[in-house]
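Taking it in order: structure first as structure tokens, then the write-up.
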Amino acid sequence: MVQGRLAKKTKPLFYMEIYHENYEMNATHLQRCFNFSPGPATLPEAVLHRIQADFPVWQGQGASVMEVSHRSTAFMALAAKVEADCRRLLVIPEHYAVLFMPGGARGQFDAVPMNLLPATPNAVANYFAVGVWSQVAIEAARRHAQVHIVASGEDSDYSEIPDPASWSFAEQGGYCFFVDNETIDGVAFQTPPSVPEDMPLVTDMSSSLFSKPIDIERYGVIVACAQKNLGISGITLAIVRQDLLDKARPYTPDVLNYTKMAAQQSMLNTPPTFPWYVTGLVFEWLLAEGGLARIAEHNQAKAAQLYAVLDDLDFYRCPVQPAHRSLMNVVFYCPSPELDAQLVAFAAERGCLNIKGHARKGGLRLSLYNAMPKAGVATMVEVLRTFAQQYG
Ligand SMILES: *Cc1c(COP(=O)(O)O)cnc(C)c1O
């Protein structure tokens with residue numbers, strides 16, 4: 001299937017009318033387009049074809065992967081392989097547990113304080129407030145503990161990571177939490193923050209894990225939902241340093257309890273087997289692509305190309321400070337909201353879909369996860385240039 005080409009204009013399809021109200025009704029996308037969605041996000045085409053080939057019979061099991069027991073030999077082997085590939089890609093040492101959890105990243109916003117903080121009324125946790133997802137995490141943490149804000153980007157409308165000189169920690173805090181890449185605001189930590197010694201660093205890497213090599217030993221806990229860079233929605237990765245297990249508060253639901261999930265190889269209840277399988281295929285794809293160092297080079301190049309065009313042309317405005325820009329989510333504005341909306345339609349007609357910004361921010365957002373091909377970025381660059389020429 002040719003990527004990025006539009007099918008011949010045909011009469012509107014039922015699903016188009018419902019889901020694609022932003023687009024011209026005469027532009028149908030019957031062929032695969034470049035999908036800049038922030039999540040659920042584009043998957044590698046090779047993975048999609050592999051899924052297709054695994055239907056309706058998977059690995060000689062006489063049934064598809066969706067229909068076999070999670071305790072079957074075949075599925076248990078799959079789970080072991082997914083964990084091994086995950087450890088290999090991220091270089092995860094033995095003293096970390098790799099858990100596959102339900103409940104998405106938001107579930108982890110409650111799981112983290114429930115699992116890590118003592119059950120005392122005055123427990124404190126440190127949080128960076130650097131964007132929308134930080135705020136959501138902070139609201140969740142306040143259900144369980146006092147939250148100390150280490151630094152807030154609110155004054156700059158989350159266009160930068162506050163200067164380390166301004167950070168302050170509650171030294172008695174149980175851990176320090178930060179969102180590595182703010183998917184909605186397009187702002188990202190370039191290196192993990194330095195925190196007081198012995199304070200576990202906890203991070204939500206939903207939109208950046210597997211986009212670059214990281215030093216796992218800097219972290220106590222890393223969480224990431226799958227539907228950005230590691231598969232489809234329904235499964236959430238939690239990498240937990242072993243010494244942080246056995247601390248969960250008694251009211252913690254079993255399925256969010258790191259200790260209990262670790263003891264049951266993430267199969268305490270029926271796990272999301274199909275998303276687990278898809279994550280396994282994405283890991284195999286990442287390994288075949290040469291691993292995270294190679295992927296990081298591609299990601300650098302893709303983002304640099306887009307920021308260069310946006311900065312070069314007088315027409316567009318990127319609100320995020322260059323030193324703190326996300327490589328995964330490029331946030332920008334046209335000169336007016338009307339032009340923003342026109343660009344969404346203009347890009348869609350040229351095979352570039354889902355570039356509208358989040359409702360909280362307006363404007364536009366290009367999500368460039370691992371699976372976004374170079375050709376998608378090249379097409380988008382052309383779209384941005386042509387649009388600025390026509391409307392500038
Ligand atoms: C997408 C996202 C979330 C929310 O994930 P859910 O699986 O929908 O709960 C949280 N944090 C970040 C950084 C995200 O990108």
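In listed order, ligands and their atoms are each counted from 1. The shown structure was predicted, so the numbers you read here are calculated from the model rather than taken from an experiment.
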Look up atom [atom1] in [X] and atom [atom2] in [Y], then write down how far apart they are to the nearest 0.5 Å.
X: L384; Y: D312; atom1: CG; atom2: CG; value: 11.5 Å
X: H324; Y: F189; atom1: NE2; atom2: CZ; value: 9.0 Å
X: M114; Y: L256; atom1: CE; atom2: CG; value: 5.0 Å
X: F128; Y: T203; atom1: CZ; atom2: OG1; value: 10.5 Å
X: M372; Y: N299; atom1: CE; atom2: CG; value: 11.0 Å

(message) Tell me the contacting part of V179 for ligand 1: side chain, backbone, both, or neither, using a 4.0 Å heavy-atom threshold, strictly below.
(response)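 Just the side chain.
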Give the residue, atom name and distance (to 0.1 Å) of the protein heavy atom nearest [atom].
atom: atom 11 (N) of ligand 1; value: D204 OD2, 2.6 Å
atom: atom 9 (O) of ligand 1; value: R106 N, 2.9 Å
atom: atom 7 (O) of ligand 1; value: Q227 NE2, 3.0 Å
atom: atom 5 (O) of ligand 1; value: A105 CB, 3.4 Å
atom: atom 4 (C) of ligand 1; value: W133 CH2, 3.5 Å

(request) For N181 and ligand 1, answer yes if some heavy atom of the residue is under 4.0 Å from a ligand atom, otherwise no. (result) yes
Contacting atoms of ligand 1, where contact means under 4.0 angstrom from a heavy atom of [X]:
X: T183; result: 12 (C), 13 (C), 14 (C), 15 (O)
X: G104; result: 7 (O), 9 (O)
X: S207; result: 15 (O)

(message) For a 4.5 angstrom cut-off between non-hydrogen side-chain atoms, does R87 reach E83?
(response) yes
(message) Considering both backbone and side-chain atoms of K228, is one of its nitrogen or oxygen atoms within less than 3.5 Å of a nitrogen or oxygen in ligand 1?
(response)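 Looking only at distances, the answer is yes, because the N/O contact criterion of under 3.5 Å is met.
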(request) Output yes when the distance from some N or O of ligand 1 to some N or O of G107 is under 3.5 Å, and no in every other case. (result)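 In fact, backbone or side chain, G107 has no N or O that close.
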(request) Tell me yes or no: between the side chains of Q390 and R385, is some donor less than 3.5 Å from an acceptor? (result)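 No, R385 and Q390 have no side-chain donor paired with an acceptor closer than 3.5 Å.
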(request) Answer with yes or no whether the side chains of N181 and S207 bring together a donor and an acceptor at under 3.5 Å. (result)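 Result is yes, a qualifying pair exists.
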